[in-house]
Amino acid sequence: MSEFDLGRFEEEAHERWLHAFESNPSNREKYYITVAFPYPSGAMHVGHGRTYIVPDVIARFWRMRQKQVLFPMAFHVTGAPVVGISKRIARNDPKTIHLYRDLYKVPQNVLEEFTNPLTIVRHFAAEYQRVMTSCGLSIDWRRRFITVDPTYSKFVEWQWKHLYEAGHVIKGVHPVRYCTVDDNPVGDHDLLEGDKAEVIKFTLVMFRFGDAFIPTATLRPETIHGVTNLWANPNVTYVKALVDGNAWIISKEAAEKLVLQDHTVEVKEEIPGKDLVDKNVSHPLCGTVPILPADFVDPDMATGMVMSVPAHAPFDYIALRDLQQQGKYTQIKPVPLIKVDGYGEVPAQDAVERAGIHHQMDSRMDALTQEIYSAEFSKGKLFVKFGGKPVRVAREEMAQEMLNKYDSVVMYEFDSRPVICRCGNKVKVKILHDQWFLKYSDPAWKQQVSDHLKDMALVPPEVRTEFDRTVGWLKDWACTRRVGLGTKFPWDPVQLIEPLSDSTVYMAYYTIAHKIREIDPKLLTPEVFDYIFLGKKSPDLPEKRKLDAMREEFLYWYPYDFRFSAKDLISNHLTFQIFHHVTIFPKDKLPKGMVVFGMGLLNGAKMSSSKGNVFLLEDAVSEFGADTVRMFLTGSAEPWQDFDWRNELVLSTKKQIERFYATITELKGAQGEPQDIDRWLISRLQEHIVKMTAALENFQTRQALQEASFGIETDLKWYRRRLPEGCDGSRELATLCSVWTRLLAPFIPFTAEHLWRELGNKDLISFAEWPVADEKLINSKIELSEELLARTVEDIESIKKLIQITPKSLTIVLAPAWKHEVFRTIAQSTDRNTVIKEIMKNDTMKKRGKEATDAAKQCTTLIHRLPPHVVEPLAKEPLNERAVFEEAQAFLEHEFGVPVHIVDAESSGHAKGATALPFKPAIVIE
RNA sequence: GCGAGGGUAGUCAAGCCAGGUCAAAGGCGCUGGAUUUAGGGUCCAGUCUCGCAGGAGUUCAAGGGUUCGAAUCCCUUCCCUCGCACCA
């Protein structure tokens, strides 16, 4: 007997697996699975571990089902994050250094090289491969690539040529969050503050002020007729600037912003805010109005000047009222222009007074503004003298009219502030030109995706609605970038293809990755890929032989059967890839299915590298062993559920494997003669095989493990309990050992590989045949007998506990034949309400009277309580209970340590005998 | 705020779609017992409340409804997770 030593099993297996999982086209049926490849900017933690281990279990399962399985892996290195990381390391940023040196344990000399972003991803890609291998992932590593390989770039260019020709790539203008210090657009990741802020399109209403304009930003241009004044902040210094050749008076901040939004701006002079107060401005649509002072005007909001509509804007109303209470500007009256149900003549006044608000700093002001805004937008109508149109129509028309006739321009601004970049600078809105988009908004394209989605298998099924929603919701996607690593954008080579957009059909690339390397990238024209993937012939193709081999690989493997990824990728990658597939590939090469994963927790908290709340996969493997990690990650939750890594639970998983190992080692040599109970065990085993196989076909790793691990373990316990004294099992156990080891092999391949050899097999268990249930070995009669016995034992135990006497003997009283008949009649009946009446029509039953009615009632209750797998066979034919208990008499006497008598109710004379029912004998303890 | 998915005993979790097999599987934890020099391991039993005969009562976020019958179906409220984009 060899000792349980996971470390040693791992070494043994790695040696034997070295090239074992390299997979080539064959005459077997193929099974191709892919996982979203990692962006290797740091070390792998146990959360990553599950993402790759679950597919590996599935791969191993189908491999044993004798499919030709392909499970490849590559590394996604395109994008900007590592560029930022390398910069931070170059300037010795303490947080970054701490993360990489102390948490990810990068050696000092390697860390020094990290000033080059490519070094980072290369280092961690190698690291990933090493750790993945140590976990026993059965990956075909010949197909590994990274997304900056020149060959891969050629593939991306080919892909984009098709997208472009299909009209899905368009050029546009786009407002983005922008940091002027970094000179770069700012993503959510790069924000210190303000990630909720949205870019809003304002219309600037241009008021004439002498020879200059005062532009005020508004979301409600339709209220221009109600303007009574402007607001300027007397404490702010404004500037007069030439904007596109016209003089504007705006805040300093606004001048800086406008530069980023396609305007030439030349600041001429400064004007203190107080100098503007009480001056008059005019607009063709509202006439001449004064500028009033207001401290609430924020120079950093749009132009720093605001138009005031006190009748419809609570802020304006209350600010004006405050001034008037000081006796100033009393001649100004709010000018209403919108009628809205539920409010009086002057809605803003109405709302403020109803809410009992007394000053502008009241915290409810924002909500109130929102309330009026929504009410007027959804139900409001302009007065007839202003056109009488609904607000939602008038707003758009008025904005357009102002832009056309009244010098208005558009300005973009955030709806809330502050918005701060990670560098500490304020983020502004910049209009990007030469920005390219993938036109995901195209209804025809969406339709193609929706149509295909219907044919795809989605696991778990609940995610389907989310996919449908995402397809409907997707807008155009900005697909070019100016920084980071990546493939040059073919129609504008200063730009790069955005990293999510270069990774949508790479699953096809895996099929040829190991062969295309042999060809000089310069020769890889789009025609070459058209031939490999689409079968399009063209003259002068290079290396025709190699191309044919690749075409053969592609045709064999593609489409992929399942793609695995975490659920946070539904709204981008997982949906994008369908868009790209439907454009490029023919119908029979479109993806077949997806499995969406839940998230990982560590001791109940979300795993996060930046917060340091991670447990590195490598540490987990060395501490607990690869099989333990695998079994825990696949067994503690189904793949789509969130899982929680807790060391104490992992430890108990390890014990479980040890127990399994010890059991097999102990049982494999059993030589006893098979007994009835062996037939029971083998019968049960067939059912475990069926259930476990079904579970794995449905990706239910947890369910499968429960079936194969605890299910079989529990059976064995009963089996051993039932064995006659001095017998340690029969040679049938050899079958069980072989089956059990194979069932667990996908989960704990290292231990299984070792045991498989111990069981006398020369070949790898990784390729051994998956157990198939033999219907003929299923013996429901024996199972029923054992169930009766087990239930009776349970009953005896619970009675024993209740009465608390030392029993001297045990009598099992069997129900009479007529009760069996009643039981059967009820079990067979479809209408359980009338069946009792039917029974009582029978003469012999009538004679028994109340005894029979009671028995019928009790049987009905019992039948409700018993599981169907018990009731069904009993409905067909009665079980010979006497035989069951006589066979088990020795067992029962041994269990309870007292003599056991088995008697029939009618001859026993025991009062208790009357309660005996089929499948529930009466028990008398004396 | 909008969209999607959830809330089950100490805890993790099955059951829910196809209502009665549900006081509700299984794991972990805890308690007691057996084995053991001890610990560990293993085995047995218990783990909502009451009960000295296998039973009864009250439970499945909260409240209401449908039904002979609801953890399961419908409605409302509260709470949690994920996504909301130019980012992997």
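Both backbone and side-chain heavy atoms feed into the values below; hydrogens, waters and symmetry mates do not.
Computed from coordinates, the A:D468 CG to B:rG3 C1' distance equals 12 Å when rounded to whole Å. Rounded to whole Å, atom P of B:rG29 lies 8 Å from atom CG of A:L649. When the C1' atom of B:rG3 is taken as reference, atom CD of A:E466 falls 8 Å away, rounded to whole Å.
Look at the P atom in both B:rU59 and B:rG65: the space between them is 15 Å, to the nearest Å. Rounded to whole Å, the separation between the C1' atoms of B:rG41 and B:rA9 comes to 29 Å. Taking atom C1' in both B:rA14 and B:rC28, one finds a spacing of 15 Å when rounded to whole Å. Atom C1' of B:rU76 sits at a distance of 39 Å from the matching atom of B:rC30, rounded to the whole Å. Taking atom P on both B:rA62 and B:rA70, the two are 15 Å apart, rounded to the nearest angstrom. Comparing B:rU36 with B:rU31, their P atoms are spaced 22 Å from each other, to the whole Å. Taking the C1' atom of each, B:rG6 and B:rC12 are spaced 15 Å apart, rounded to whole Å. Between B:rU81 and B:rC75, the two P atoms lie 24 Å apart (nearest whole Å).
Across all strands shown, A:E462 has heavy atoms under 4.0 Å from sugar-phosphate atoms exclusively, and none from any base. Across all strands shown, A:I570 has no heavy atoms under 4.0 Å from either base or sugar-phosphate atoms. At the heavy-atom level, A:A80 lies under 4.0 Å from the strands shown only through sugar-phosphate atoms. Here A:K475 lies in heavy-atom contact (under 4.0 Å) with a base.
Checked against the 6.0 Å centroid criterion, the rings of A:F699 and A:W640 do not qualify as a close aromatic pair.
Contact annotation: A:K567 does not reach the phosphate of B:rA4 (side-chain N/O to OP1 or OP2, under 4.0 Å). For the OP1/OP2 pair of B:rG54 and a distance below 4.0 Å, the side-chain nitrogens and oxygens of A:K920 include no atom meeting the criterion. For B:rG5, the OP1/OP2 oxygens have a side-chain nitrogen or oxygen of A:T465 closer than 4.0 Å. Under 4.0 angstrom from either OP1 or OP2 of B:rU42 there lies at least one side-chain N or O belonging to A:R659.
The two atoms that bring A:L438 and A:S501 nearest to each other are CD1-OG, 3.8 Å, heavy atoms only.
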- Message: Would A:F37 and A:Y506 count as a ring-ring contact (aromatic ring centres under 6.0 Å, His included) here? Give the steps.
- Response: CA-CA 10 Å; A:F37 51 18; A:Y506 70 94; 3.7 Å; yes
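Other residues, nucleotides and ligands place no more than 12 heavy atoms under 6.0 Å from the NZ atom of A:K691.
Legend: ring-ring contact (aromatic ring centres under 6.0 Å, His included) pairs involving residues 465-487 of chain A, not counting sequence neighbours, sorted by first then second residue: A:W477-A:F576.
Of the listed nucleotides (B:rG41, B:rA4, B:rG83), B:rG41 has the atom at the smallest distance from the side chain of A:K655.
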